[in-house]
Q: 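Quick one: structure below, then a few questions.
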Amino acid sequence: MTGGTHYTTLGIERAATLAEIRKAYRSLARRLHPDVNASHDAADSFLRVQAAYAVLSDSKRRAEYDLRLESQAVASPGVAHYTWTNIATHVTKPNAARARTELDDMYDAYFGGREA
């Protein structure tokens, strides 16, 4: 249970519902709690499970975490890369031009503009 994402820590899919997150957390917490588990790494594992649950059970924190995961995937070699154009093309046609402009504005705000 070392490394990975909060989703892998809890052993759930990224599309898991709040009920599935809660069920996975409770199961792992019962099994890994240091009062019950004498393993030398039980406390660390239990803390990772608690941290994962704290993020994934809160809708706002989960959305922010998912965005971070997506941005890490973009920066990682060998993983599907998303560009502003790729993202904008997934927007419905009537809103695509506006979405492209909003994404350009966001890019410029974060990175100080783009080279032409």
Q: Roughly how far, to the nearest 0.5 Å, is OG1 of T8 from CD of E13?
A: 11.0 Å

Q: Testing the basics here: between A54 and D58, what is the closest heavy-atom pair and its distance to 0.1 Å?
A: O-CB, 3.7 Å

Q: Is L69 reachable from L56 through a run of I, L, V, M, F, W or Y residues, each pair having side-chain heavy atoms under 4.5 Å apart?
A: yes

Q: Extract all donor-acceptor atom pairs below 3.5 Å that involve side chains of residues 19-27 and protein atoms in other chains or at least two apart in sequence.
A:
{"unit_1": "E20", "atom_1": "OE1", "unit_2": "T17", "atom_2": "N", "d": "2.7"}
{"unit_1": "E20", "atom_1": "OE1", "unit_2": "T17", "atom_2": "OG1", "d": "3.4"}

Q: Output the distance between atom CG (L32) and atom CD (Q50), rounded to the nearest 0.5 Å.
A: 10.5 Å

Q: To check you understand the geometry: which heavy-atom pair defines the closest contact between P34 and A43, and what is its length?
A: CG-CA, 3.8 Å

Q: Please enumerate all residues that pass salt bridge (charged side-chain N to carboxylate O under 4.0 Å, His left out) together with D66, with sequence neighbours excluded.
A: R14

Q: Using the rule given for side-chain contact (heavy atoms from CB on, under 4.5 Å), can you reason through D44 versus R48, listing the C-alpha separation, both sets of side-chain angles and the distance that settles it, and then say yes or no?
A: CA-CA 6 Å; D44 290 337; R48 280 194 303 277; 3.8 Å; yes

Q: Checking Y7 now: which residues fulfil ring-ring contact (aromatic ring centres under 6.0 Å, His included) with it, not counting sequence neighbours?
A: none

Q: If we ignore hydrogens and angles and just use 3.5 Å, is the side chain of Y53 paired with the main-chain N or O of A29 as donor and acceptor?
A: no

